[in-house]
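Structure first, commentary second.
Every heavy atom of this structure was used, including side-chain atoms; hydrogens, water molecules and symmetry mates were not. Both counts, for ligands and for their atoms, begin at 1 and track the order of listing.
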Amino acid sequence: MTLGIAVIGTGRMGADHVRRIDSVISGARVAAVADLDAERAKAVASGIERCSAHTDPAAAMAAPGVGAVLIASSGPAHEAALLEAFARGLPVLCEKPLTPDPAGALRVLEAEQRLGRRLVQVGFMRRYDAEYQELQRTLEHGELGRPLMLHCRHRNAASPSFFTTEMLIRDSVVHEVDATRWLLGQEITAVQVLRPRPSSHAPQGLGDPQLVLFETSGGAVVDVEIFVNCGFGYEVRCEAVCERGTASIGGSGGLRTRSAGRAGRDIPQDFTIRFADAYDREVQAWVDATRQGRVEGASTWDGYAAAVVCEAGVRAQETGERVRVQLAERPALYA
Ligand code: NAD
């Protein structure tokens, strides 16, 4: 049976996921969309057969043929949509963040536990990127020994006009938060943020770049350079330093050219290009798992942990202090 999906939020990510479900992946169709902006929802639905457009997420979830929900609305709208999907017993792929705040994430965590089964996959798509998967397998197999450090770089060509200093952590470094927990299989226990004098290319008032440091439960240290106005393109790198060697991703792929006395390669200009395959694989894996009655990928617990770490990160940004991460006890459902 083809899985009918209600897509909540038809902005940049939502519209891209609708395109992906409609024309890239198999086993699913977009049965309904919802957006507060009625015109946007209608425009997205108009290109798709048997797809209804709504302004109310609950109405989209109640539309005929809907068997699962993809939430791609703005972060503050996620909690209400998640609870609505829970009330209907619908499996969910929720774009990151699960919720922007730890309190909201905890409420979602408690609501899912009351259901007694997992319904949510959080959209941390790096877990579906081929290079990240190879690095994760290498670390898990242990051939390089125990990981001691991760050196991460996360660079964007330019930040959008609405980007704030807090968003460097909550919107960007949140991906390194999840990648660190997943690659190392450890929790992040403390965060520090060092702030160099901002780049003269950063918009007025934006503290860009920053160096974010994590300590983990297994004694590793992780540094993340976040630089959202680097000017030259989108670049995500990670080097794991282990007891018997190193492994790195993100620096060498892509087409190489030699011309006019120079050798080089193209640098993708944004995440939709760099992680295009990861988004496709993420949504396909979610559809496949949902049709088989399974849930995989980042869980509600992972979304909750990311929210708590980001909250600590923002406090570290503001105070310049080392901030400890205090997680609730991990429920058995997420063992
Ligand atoms: P966007 O602003 O382009 O789109 C958000 C849409 O949600 C808008 O059309 C808005 O009208 C709609 N919306 C807001 N509240 C709503 C509500 N209550 N009900 C229905 N619709 C509502 O933003 P975006 O860039 O598409 O981001 C959407 C989500 O995707 C965010 O959670 C963001 O963090 C996430 N995101 C993830 C990645 C990734 O790499 N995984 C990248 C970008 C964005």
Measure the distances from the heavy atoms of F275 to every atom of ligand 1 and state whether one is below 4.0 angstrom. no

Could you walk me through whether Y234 and R274 pass the side chain to side chain donor-acceptor pair (under 3.5 Å) test, one step at a time? CA-CA 8 Å; Y234 182 73; R274 164 63 182 86; over 6 Å; no

Any protein heavy atom nearer than 4.0 Å to atom 15 (N) of ligand 1: yes

Taking atom 25 (O) of ligand 1 as the reference point, the nearest protein heavy atom with its distance: R12 CB, 4.0 Å

Identity and separation of the nearest protein heavy atom to atom 28 (C) of ligand 1: A72 O, 3.2 Å

Against heavy atoms of M125, which atoms of ligand 1 measure under 4.0 Å? 40 (O), 41 (N)

Heavy atoms only, cut-off 4.0 Å: how does F124 contact ligand 1, side chain, backbone, both, or neither? neither

Does atom CD of E143 have more than 12 heavy-atom neighbours, drawn from other residues, nucleotides or ligands, at distances under 6.0 Å? yes

Let me see the working for S159 and L206 under side-chain contact (heavy atoms from CB on, under 4.5 Å), right down to the final yes or no. CA-CA 10 Å; S159 58; L206 193 71; 3.7 Å; yes

Within the distance-only criterion (no hydrogens, no angle test), does the side chain of Q133 pair as donor or acceptor with the backbone N or O of R127 below 3.5 angstrom? yes

Close approach, P97 and ligand 1, non-hydrogen under 4.0 angstrom: yes

Show, in sequence, the C-alpha distance, side-chain angles and deciding distance for E95 and H17, and conclude whether the side chain to side chain donor-acceptor pair (under 3.5 Å) test is met. CA-CA 10 Å; E95 262 305 343; H17 283 316; 2.8 Å; yes

What atoms of ligand 1 come closer than 4.0 angstrom to any heavy atom of G11? 3 (O), 4 (O), 6 (C), 9 (O), 26 (O)

Can you pull out the closest protein heavy atom to atom 43 (C) of ligand 1? Residue, atom name and distance to 0.1 Å, please. M13 CG, 3.5 Å

So with a 6.0 Å cut-off around CZ of R19, is the heavy-atom count from everything else above 12? yes

Among non-hydrogen protein atoms, atom 39 (C) of ligand 1 lies closest to Y279 OH, 3.3 Å

For atom 17 (C) of ligand 1, what's the nearest protein heavy atom and its distance? L36 CG, 3.5 Å

Counting only heavy atoms, tell me which of V33, D35, D16 gets closest to atom 10 (C) of ligand 1. D35

How far does CD of E49 sit from CG of D22, to the nearest 0.5 angstrom? 9.0 Å

Tell me which protein heavy atom sits closest to atom 37 (C) of ligand 1, plus the residue, atom name and distance to 0.1 Å. E95 OE1, 3.1 Å

Evaluate whether atom CZ of R117 has more than 12 neighbouring non-hydrogen atoms of other residues, nucleotides or ligands under 6.0 angstrom away. no

For atom 32 (O) of ligand 1, which candidate among R40, K96, R126, H54 provides the closest heavy atom? K96

Out of G123, G9, S74, the nearest non-hydrogen contact to atom 5 (C) of ligand 1 is supplied by S74

At what distance is the nearest protein heavy atom to atom 29 (C) of ligand 1, and which residue and atom is it? S73 O, 3.4 Å

Could you walk me through whether D302 and R181 satisfy the salt bridge (Lys or Arg N to Asp or Glu O under 4.0 Å) test, starting with their C-alpha distance in whole Å, then the side-chain angles of each, then the deciding distance to 0.1 Å, before giving a yes or no? CA-CA 8 Å; D302 297 314; R181 297 180 60 258; 2.9 Å; yes

Quick one: CG on D288 to CD1 on I25, what's the gap to the nearest 0.5 Å? 8.0 Å

R315 CZ: over 12 foreign heavy atoms closer than 6.0 Å: no

Under 4.0 Å, heavy-atom basis, I'd like to know which part of A77 is in contact with ligand 1: side chain, backbone, both or neither. side chain

Give the atom numbers and elements of ligand 1 that come within less than 4.0 Å of a heavy atom of H78. 32 (O)

Indicate whether the side chain of E225 and that of H151 have a donor and an acceptor atom separated by less than 3.5 Å. no

Is it true that S217 and E187 share a donor-acceptor pair across their side chains at a distance under 3.5 Å? no

Quick one: nearest non-hydrogen protein atom to atom 19 (N) of ligand 1, plus distance? P57 CG, 3.5 Å

Under a 4.0 angstrom heavy-atom cut-off, which atoms of ligand 1 come close to H175? 39 (C), 40 (O), 41 (N)

Which atoms of ligand 1 have any heavy atom of F271 under 4.0 Å away? 42 (C), 43 (C)

